[in-house]
Amino acid sequence: MQPAPEIVAIQVTPQPVVLDTGEVALRIEASTVNATRLRGRLLSPDGTSVPLDFTAQPPPCDWLATHTLRPADREGTWRVEARAGRAVAEYEFDVDRRGTKAEARFESFDAEPRQVPRGDLIRLLGRVELVKNGASGPAAGLPVVITFQEQETCGRRRFAEAVTDDLGRFAAQAPVAESGEWWAEVSSGREVIGALSAPVFVEATAEQKFATQLDYAVRRAGGGTVHSGRLRGKPGQSWQGLGNQRIWVFYRKPGAPSGSFDSVNKSTLTRDSPVLSRGRYEVRTGAKNGGAWRVEYFGTNLAAGAVSAAKPAP
């Protein structure tokens with residue numbers, strides 16, 4: 001039986017999309033599994049749509065479609081819809097018009113350190129400015145999202161969030177699972193045009209690691225969601241619970257590509273005692289309507305990382 005197609009990721013460049021006096025050429029790329037054909041359409045904020053002609057290209061983003069936005073096109077949230085067999089996925093992005101709002105700009109962005117063992121935390125920090133009518137100043141109280149794109153993969157994932165201080169500075173921590181590029185992003189809003197930083201490459205180093213496995217269950221409790229399970233590893237001849245290891249919670253919204261799991265900024269440590277409970281964990285998050293949850297363990301210099309199976313939001 002032929003495996004079912006899967007749409008893993010969608011990305012649109014450039015980001016942000018800003019209309020001015022000239023045209024803006026969009027590149028709409030997608031990553032799929034078991035797909036021999038990809039169809040799609042681009043929907044504007046008023047609901048009108050145009051077909052997207054996806055053609056195959058070398059991986060990691062193995063499909064490409066293009067579209068040209070003109071100065072008279074609408075501002076607002078645009079949506080890409082892609083279909084491969086019965087698999088359907090969506091991706092939203094904002095289109096703004098220069099001159100109507102202040103523009104965010106990353107004055108700096110960096111990661112410390114640039115080389116770490118897999119599973120360790122890095123510090124991501126930078127500074128954002130607002131620019132309007134040729135004048136610039138610090139962007140205070142602006143939300144910043146930290147995203148990551150692993151080498152040889154398509155699409156970025158959210159890993160952390162921060163808010164700028166009175167001088168426009170921000171800082172966040174995130175776990176490193178693989179080598180790849182980190183970005184800082186400011187989303188467009190009613191009073192600001194968003195921005196995307198230059199990427200920063202961080203190398204994840206590792207020795208030969210022992211295998212791990214991550215059990216996972218999710219349930220509704222009151223007005224929230226409870227995520228629980230157990231982390232096991234095999235440092236010797238037998239499997240055993242692993243204590244004092246951090247488990248992170250990720251969520252994929254309804255209709256998103258299958259690989260688009262973003263952090264919800266919730267994590268917990270596995271229990272270390274008593275022995276029978278070692279490796280068990282439980283963490284609570286807010287409730288979500290639809291979509292799917294999963295948890296991830298990013299490993300250490302000795303233990304391999306692990307990703308749970310995706311579970312429908314209860």
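Each residue takes its place number in the sequence, starting with 1.
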For W293, what residues pass the ring pair (Phe, Tyr, Trp, His ring centres under 6.0 Å) criterion, not counting sequence neighbours? H227, Y251

Return the set of residues passing salt bridge (Lys or Arg N to Asp or Glu O under 4.0 Å) with [X] (not counting sequence neighbours), or none when no residue passes.
X	result
E129	R105, R127
R83	none
R271	none

Ignoring hydrogens and angles, state whether a donor on the side chain of T147 or E185 is under 3.5 Å from an acceptor on the partner side chain. yes

Residue pairs passing the ring pair (Phe, Tyr, Trp, His ring centres under 6.0 Å) test where at least one lies in [range], sequence neighbours excluded:
range	value
residues 120-141	none
residues 115-157	F148-F159, F148-W182
residues 18-61	none

Quick check: is L302 connected to L231 through a chain of hydrophobic side chains (ILVMFWY, heavy atoms under 4.5 Å apart)?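 Yes; tracing contacts between hydrophobic side chains, which count when under 4.5 Å, links both residues.
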
Indicate the ring-plane relationship of W78 and H67, choosing parallel, tilted or perpendicular according to the 30° and 60° boundaries.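 Taking H67 first and then W78, their aromatic rings sit tilted (interplane angle of 30° to 60°).
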
Does any pair with a residue in [range] pass disulfide (SG to SG under 2.5 Å), and if so which ones, sequence neighbours excluded?
range	result
residues 94-180	C61-C154
residues 5-44	none
residues 94-149	none

For R169, check side chain to side chain donor-acceptor pair (under 3.5 Å) against everything at least two apart and list the hits.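 By the side chain to side chain donor-acceptor pair (under 3.5 Å) rule, R169 matches D165.
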
Suppose we screen for side chain to side chain donor-acceptor pair (under 3.5 Å). Which residues come up paired with R232, at least two apart in sequence or across chains?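 For R232, the residues satisfying side chain to side chain donor-acceptor pair (under 3.5 Å) (neighbours in sequence not counted) are D215.
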
Please say whether more than 12 non-hydrogen atoms of neighbouring residues, nucleotides or ligands are located less than 6.0 Å from CZ in R97.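 Result for CZ/R97: enclosed.
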
Take atom CZ in R158; do more than 12 heavy atoms of anything else shown fall under 6.0 Å from it? no

